[in-house]
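Right, one structure below, let's go through it.
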Amino acid sequence: MLDLTYEAPKPKVIAGAKHDWELVIGMEIHAQVSSNAKLFSGASTAFGAEPNSNVSFVDCAMPGMLPVINEFCVAQAVRTGLGLKARINLFSAFDRKNYFYPDLPQGYQISQLYHPIVGEGEVLVELAPGIARLVRIERIHLEQDAGKSIHDMDPNLSFVDFNRTGVALMEIVSRPDLRGPEEAAAYVAKLRQILRYLGTCDGNMQNGNLRADVNVSVCRPGDYERYQATQDFGHLGTRCEIKNMNSMRFIQQAIDYEARRQIAILEDGGKVVQETRLYDPDRGETRSMRSKEEAHDYRYFPDPDLLPLEIEQDWVDDIAASMPELPDAKKARFMADYGVTDYDANVLTAELDAAAFFESVAAGRDGKQAANWVINELFGRLNKQGLTIAETPVTAAQLGGILDLIASGEISGKMAKDLFEIIWTDGGDPAEVAAARGMKQVTDTGAIEVAVDEIIAANPAQVEKAKANPKLAGWFVGQVIKATGGKANPAAVNEIVAKKLGL
Ligand code: ADP
Ligand code: MG
């Protein structure tokens with residue numbers, strides 16, 4: 001594996017009217033655990049089901065119902081922790097977070113405040129080749145999702161759908177280590193990629209399966225270094241939390257807006273009030289949802305219905321033994337084994353199935369050429385038609401077959417592109433299709449010489465011009481390739497034309 005070393009990026013500096021300011025961002029990400037059943041009941045988690053069809057007595061808090069922990073969800077949290085190089089806590093416990101809302105039938109959410117299942121970890125967020133931010137993870141805890149209130153179906157009534165009630169979430173809390181809007185978005189993207197590799201969350205942001213609370217503050221240059229040296233939050237500015245963001249673009253816009261809002265307050269001699277805000281994408285601004293004074297007192301206490309969660313190191317070790325190769329390792333290996341560039345390695349490892357596709361094309365072939373074809377021809381074509389790699393009409397074996405025909409000199413690069421188009425629409429074995437269509441590059445120098453001689457004999461004036469200006473020899477090369485129906489190997493034609501013209 002390559003030893004990749006990174007330099008930390010510079011923090012984003014925003015010029016105020018009086019001073020320069022730096023951004024400080026910490027994120028709390030809610031990731032829905034990939035699991036067929038809920039955290040404390042056997043009800044299904046299927047998305048898009050008929051409202052209130054996936055609700056057990058536990059989920060809708062019928063009197064006397066008791067939660068039973070879903071072992072698979074616990075394993076998923078452990079797997080996620082291991083994927084983020086985090087400490088796994090063999091002892092953790094569930095607490096009740098009490099509040100009233102119509103989509104929360106229990107009157108409390110079961111969460112883990114005092115003893116989360118996962119402790120400190122880290123995520124490497126690459127921003128450019130060789131530039132990356134190492135973001136510290138503070139904790140990951142397991143908790144229940146709430147239901148969904150529907151206010152826009154009837155002018156007089158609100159409805160509740162309890163299908164999502166009790167679905168397992170992982171809350172992944174970062175330290176305030178992100179220093180700009182691009183970094184924040186890149187962090188969400190990297191976390192999403194790791195979760196998808198692990199199979200612990202599908203990362204579907206549109207469905208709300210991955211959403212972020214973004215904490216933003218601003219400070220003067222030098223303050224963050226003082227915070228880092230002491231871990232004393234007193235060196236940082238007062239933060240505001242922007243709730244429930246599920247778009248990378250809006251996350252960046254909201255941070256940018258929020259930073260400017262806070263700077264304007266501070267430079268005006270005011271104080272930033274710690275509060276929860278919501279981003280309005282239509283207006284491009286954040287607005288207050290509730291201040292710290294109005295913050296809920298959740299009266300957390302250990303849930304008496306659930307025993308503390310004690311897991312065994314052997315069980316954690318078994319999960320560790322089944323970990324897949326993660327994005328950073330795969331990227332380093334692709335660069336080392338296939339000689340692909342940093343940029344190409346990022347593209348090829350973005351999704352697991354695309355990476356696997358590339359590897360089966362590249363195995364035993366020229367890695368760089370395979371990367372070019374997979375990225376430029378295949379991904380380019382898939383994007384154009386809005387298809388995913390799983391839907392590709394050209395299989396890895398077929399693309400590999402095309403590359404083999406290029407490697408053996410049987411077809412030219414230009415023919416290969418035509419062949420790719422044919423296989424894309426009609427399918428078939430590349431070698432057979434090429435043979436059936438007479439796609440064969442002429443490398444037989446005898447045949448090429450005959451063609452060159454004919455063109456030279458028929459164009460004496462052009463010959464004189466080319467002899468005076470060798471750049472014009474290209475015209476002969478073009479004529480010969482045309483005369484052979486595009487089949488003559490261009491390198492061979494070039495050589496023979498130059499020789500015959502005495503260049
Ligand atoms: P709470 O439980 O009230 O949400 P936490 O201390 O758990 O508070 O912090 C929540 C998030 O806010 C974490 O991701 C943390 O990194 C971030 N955070 C804390 N202080 C700041 C700050 N001054 N600026 C930006 N983010 C911060
Ligand atoms: Mg919070």
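Position 1 is the first residue of the sequence; numbering continues from there. Keep in mind that the numbers below use all heavy atoms, side chains included, and drop hydrogens, waters and symmetry copies. We count ligands from 1, going down the list as the structure has it; atoms in each ligand are counted the same way.
If you number the atoms of ligand 1 from 1 as listed, the ones under 4.0 Å from a heavy atom of Phe233 come out as 19 (C), 20 (N). Close approach to Gly237 involves these atoms of ligand 1, each under 4.0 Å from a residue heavy atom: 23 (N). The contact set between ligand 1 and Met27, taken as ligand atoms under 4.0 Å from a residue heavy atom, comprises 14 (O). Atoms of ligand 1 found under 4.0 Å from any heavy atom of Leu236, numbered from 1 in the order shown, are 23 (N). The contact set between ligand 1 and Val173, taken as ligand atoms under 4.0 Å from a residue heavy atom, comprises 13 (C), 14 (O). The contact set between ligand 1 and Pro176, taken as ligand atoms under 4.0 Å from a residue heavy atom, comprises 16 (O), 26 (N), 27 (C). Each of the following atoms of ligand 1 lies closer than 4.0 Å to a heavy atom of Val24: 24 (N), 25 (C).
Distance alone, capped at 3.5 Å, is enough to place a donor-acceptor pair between the Arg196 side chain and the Asp202 backbone. Checked by atom type and distance alone, the side chain of Arg96 never pairs as donor or acceptor with a backbone atom of Pro304 at under 3.5 Å.
No hydrogens or angles considered: nothing links the side chains of His115 and Ser92 as a donor-acceptor pair under 3.5 Å. In this model, no donor atom of one side chain and acceptor atom of the other lie less than 3.5 Å apart for Tyr187 and Glu183.
For the pair Ser217 and ligand 1, the shortest N or O to N or O distance falls below 3.5 Å.
With a heavy-atom cut-off of 4.0 Å, Arg175 touches ligand 1 through its backbone alone.
Of the candidates Asn215, Val135, Thr238, the one placing a heavy atom closest to atom 11 (C) of ligand 1 is Asn215.
Classification of the Tyr114-Tyr300 ring pair by plane angle, with boundaries at 30° and 60°, yields perpendicular. In this pair, Tyr227 and Phe233 present their aromatic rings tilted. The plane angle is within the 30 to 60° band.
The environment of Arg136 atom CZ is dense: over 12 non-hydrogen atoms of other residues, nucleotides or ligands sit within 6.0 angstrom.
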